[in-house]
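Have a look at the structure below, then the notes.
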Amino acid sequence: MNTQLIDSLIQVIESLTPEENKLLRTKLHARTIQKTPGVCGGQARIRNTRIPVWTLVSFHQQGADTEELLRNYPSLIPADLEAAWAYYQENQNEIDQIIQDDLVHG
């Protein structure tokens, strides 16, 4: 492990302005969410899994809290859920439509 690199990264991150920090978090969240043709119907999903964002959002809307979601999806970490919520905030119409379609055709 390159501890010198990690220490340098921490120093850079700590020196970011609030706006730069927000941009960094946005870009990191964006890397957590993937869309791949042929995987989950090409819908937004958590990186390297077959867990669609809409599924997490739907369960959350039905009352599932973070602990329950992490317990039911042990491959996820809290940052994955944060990325899902951020994706939903930016793409609410897309996710709401998928949830609605699932209710009608599910």
> Got a second to check how far Asp80's CG is from Thr66's OG1, nearest 0.5 Å?
Replying inline: 11.5 Å
>> Using the side chain to side chain donor-acceptor pair (under 3.5 Å) criterion, which residues pair with Ser58? Sequence neighbours excluded.
In response: Gln62
>> With heavy-atom distances below 4.5 Å as the criterion, would you say the side chains of Tyr73 and Thr55 are in contact?
In response: yes
> Can you find a pair of side-chain heavy atoms, one from Asn91 and one from Val53, that are under 4.5 Å apart?
Replying inline: no
>> If I compare all heavy atoms of Leu76 with all of Ile51, which pair ends up nearest, and what's the gap?
In response: CD2-CD1, 3.8 Å
> Got a sec, which residues hit side-chain contact (heavy atoms from CB on, under 4.5 Å) with Ala64, two or more places apart in sequence or on another chain?
Replying inline: Phe59, Glu68, Leu69
>> Does atom CD (Gln92) have a neighbourhood of more than 12 heavy atoms from anything else shown, all under 6.0 Å?
In response: yes
> Are Ile95 and Gln43 close enough that some pair of their side-chain heavy atoms sits under 4.5 Å apart?
Replying inline: no
> Hey, is the main chain of Asp101 close enough, under 3.5 Å, to the side chain of His105 for a donor-acceptor pair?
Replying inline: yes
Distance-only check: which donor-acceptor pairs under 3.5 Å involve side-chain atoms of residues 12-19, not counting sequence neighbours?
residue : atom : partner : partner atom : Å
Ser15   : OG   : Val12   : O            : 2.7
Thr17   : OG1  : Glu19   : OE1          : 3.4
Thr17   : OG1  : Glu20   : N            : 3.1
Thr17   : OG1  : Glu20   : OE1          : 3.3

> Which atom pair, heavy atoms only, marks the closest approach of Leu5 to Asn2?
Replying inline: N-OD1, 2.9 Å
>> If you apply the rule side chain to side chain contact (heavy atoms under 4.5 Å, CB included), what do you find for Ile46 with Ser75, and how did you get there?
In response: CA-CA 10 Å; Ile46 303 299; Ser75 64; over 6 Å; no
>> Could you go through Glu82 and Thr32, starting from their C-alpha distance and side-chain angles, then the distance that decides it, and tell me whether this counts as side chain to side chain contact (heavy atoms under 4.5 Å, CB included)?
In response: CA-CA 10 Å; Glu82 290 174 19; Thr32 300; over 6 Å; no
> For Gln61, what residues pass the side-chain contact (heavy atoms from CB on, under 4.5 Å) criterion, not counting sequence neighbours?
Replying inline: Val57, Tyr88, Asp96, Ile99
> Closest approach of Glu94 and Ala44, non-hydrogen atoms and distance?
Replying inline: OE2-CB, 4.3 Å
> How many angstroms lie between CG in Leu23 and CG in Leu28, if you round to the nearest 0.5 Å?
Replying inline: 9.5 Å
>> Taking side-chain contact (heavy atoms from CB on, under 4.5 Å) as the definition, give me every residue that meets it alongside Arg31, ordered by chain and number, with sequence neighbours left out.
In response: none
> Considering residues at least two apart in sequence or located in another chain, which fulfil the side-chain contact (heavy atoms from CB on, under 4.5 Å) criterion with Ser8?
Replying inline: none
> What heavy-atom pair brings Gln34 and Asn48 nearest, and what distance separates the two atoms?
Replying inline: OE1-N, 2.9 Å
